[in-house]
**Q** 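Quick one: the structure is below, questions incoming.
Everything numeric here is computed off the predicted structure, so don't read it as measured data. Computed from heavy atoms alone, side chains included, the values below leave out hydrogens, waters and symmetry copies. All residue numbers in this chain count up from 1 along the given sequence.
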Amino acid sequence: MAGDRVAGGLGRRLDDGYHYFRHVAMAGAPRIDAVVVGPGGTWCLTRTELHGRYRKRNGHWYRWNRSTESWAPWDARPVHEARLTGHRLELFLERASLPAAVEACLLLSGGAELTWEEDQRPGVHVHDDLDRLAARMARDEVLTPTQVDRIVALLDPRQPLPQLAPSTPRG
């Protein structure tokens with residue numbers, strides 16, 4: 001897709017078994033920045049432009065304040081939005097009786113550093129490197145080709161529904 005750095009980057013690294021959707025709309029919910037569906041699962045991508053250093057520790061998020069050289073509390077809205085967007089997509093797929101496991105992912109740009117203590121995982125994948133993200137997406141095969149086709153048909157109404165069973169004469 002022209003002008004979409006993420007689509008271009010992932011497209012060079014993932015095979016044709018993966019489908020990329022930009023600005024996915026679900027009734028009554030904000031649009032999702034991007035969704036990738038393929039053998040490696042369903043990935044919900046939320047983009048954010050952050051600058052600076054951020055860290056989660058003791059159950060709270062902090063931002064490094066260069067002027068005071070100390071950590072200050074930070075409202076981790078981008079992290080929470082990415083996690084909730086992935087959850088909304090899971091519910092949408094579940095209501096359609098499709099495999100509902102969704103990997104929520106926060107895509108960083110702007111040179112931000114987002115870290116956490118080992119026991120403080122943020123509940124989303126955090127990536128600023130499309131090579132590593134594509135490798136992670138392709139690492140495990142969790143969806144069959146039929147499941148991928150059904151999810152693709154749900155997310156892109158322009159796609160024809162796959163034939164579920166052969167038709168019988170006069171029947």
**Q** Show which side-chain atoms of residues 78-85 pair as donor or acceptor with protein atoms under 3.5 Å away, not counting sequence neighbours.
**A**
| residue | atom | partner | partner atom | Å |
| --- | --- | --- | --- | --- |
| His80 | ND1 | Arg83 | NH2 | 3.4 |
| Arg83 | NH1 | Pro122 | O | 3.4 |
| Thr85 | OG1 | Glu81 | O | 2.7 |
| Thr85 | OG1 | Arg88 | NH2 | 3.1 |

**Q** For residues 36-46, which residue pairs qualify under side-chain hydrogen bond (donor to acceptor under 3.5 Å, both in side chains), counting only residues two or more places apart or in two chains?
**A** none
**Q** Hey, could you give me the CG/CG distance between Leu133 and Leu14, rounded to the nearest 0.5 Å?
**A** 8.0 Å
**Q** What's the spacing between Ile151 CD1 and Phe21 CZ if we round to 0.5 Å?
**A** 9.5 Å
**Q** Where do Pro39 and Gly17 come nearest, in terms of heavy atoms and distance?
**A** CD-O, 3.4 Å
**Q** Which atom pairs, donor and acceptor, lie under 3.5 Å between side-chain atoms of residues 98-114 and protein residues at least two apart or in another chain?
**A**
| residue | atom | partner | partner atom | Å |
| --- | --- | --- | --- | --- |
| Glu103 | OE1 | His125 | NE2 | 2.6 |
| Ser109 | OG | Thr48 | O | 3.2 |
| Ser109 | OG | Glu49 | OE1 | 3.0 |

**Q** Sort and list the pairs that fulfil ring-ring contact (aromatic ring centres under 6.0 Å, His included) and have at least one residue in residues 87-106, not counting sequence neighbours.
**A** none
**Q** With a 4.5 Å limit on heavy-atom distance, are the side chains of Val35 and Ile32 in contact?
**A** yes
**Q** Mind listing the closest non-hydrogen atom pair of Leu154 and Ala96 along with its distance?
**A** CD2-CB, 3.7 Å
**Q** Would you check if Tyr20 and Val6 make a side-chain contact, meaning some heavy-atom pair closer than 4.5 Å?
**A** yes
**Q** What residues form a salt bridge (Lys or Arg N to Asp or Glu O under 4.0 Å) with Arg57, not counting sequence neighbours?
**A** none
**Q** Which pair of heavy atoms, one from Ala134 and one from Leu10, lies closest together, and at what distance?
**A** CB-CD2, 3.9 Å
**Q** Can you tell me how far apart NZ (Lys56) and OG1 (Thr115) are? Round to the nearest 0.5 Å.
**A** 12.0 Å
**Q** Please check: side-chain N/O of Tyr18 versus main-chain N/O of Gly40, any donor-acceptor pairing under 3.5 Å?
**A** yes
**Q** Tell me the ring-ring contact (aromatic ring centres under 6.0 Å, His included) pairs involving residues 55-76, sequence neighbours left out?
**A** Tyr54-Trp74, Trp61-Trp74, Trp64-Trp71
**Q** Under the rule for side-chain contact (heavy atoms from CB on, under 4.5 Å), what residues qualify as partners of Thr68, not counting sequence neighbours?
**A** Asn65, Ser70
**Q** Which atoms form the tightest heavy-atom contact between Asn58 and Glu117, and what is the distance?
**A** N-OE1, 4.2 Å
**Q** To the nearest 0.5 angstrom, please state how far the CE atom of Met137 sits from the CZ atom of Arg132.
**A** 13.0 Å
**Q** Verify the cluster assignment for Val142 and Leu155: are they in a single hydrophobic cluster under the rule of side-chain heavy atoms below 4.5 Å apart?
**A** yes
**Q** With distance as the sole test, does Gln147 use its side chain to make a donor-acceptor pair with the main-chain N or O of Thr144 at under 3.5 Å?
**A** yes
**Q** Of all residues at least two apart in sequence or in a different chain, which pass the salt bridge (Lys or Arg N to Asp or Glu O under 4.0 Å) check with Asp75?
**A** Arg77
**Q** How about Val36 and His19: do any of their side-chain heavy atoms sit closer than 4.5 Å?
**A** no
**Q** Quick one: do Asp33 and Arg22 satisfy salt bridge (Lys or Arg N to Asp or Glu O under 4.0 Å)? Show the steps, please.
**A** CA-CA 6 Å; Asp33 289 342; Arg22 187 174 177 189; over 6 Å; no
**Q** Tell me every residue that passes salt bridge (Lys or Arg N to Asp or Glu O under 4.0 Å) with Arg136, counting only those two or more places apart in sequence or in another chain.
**A** Asp140
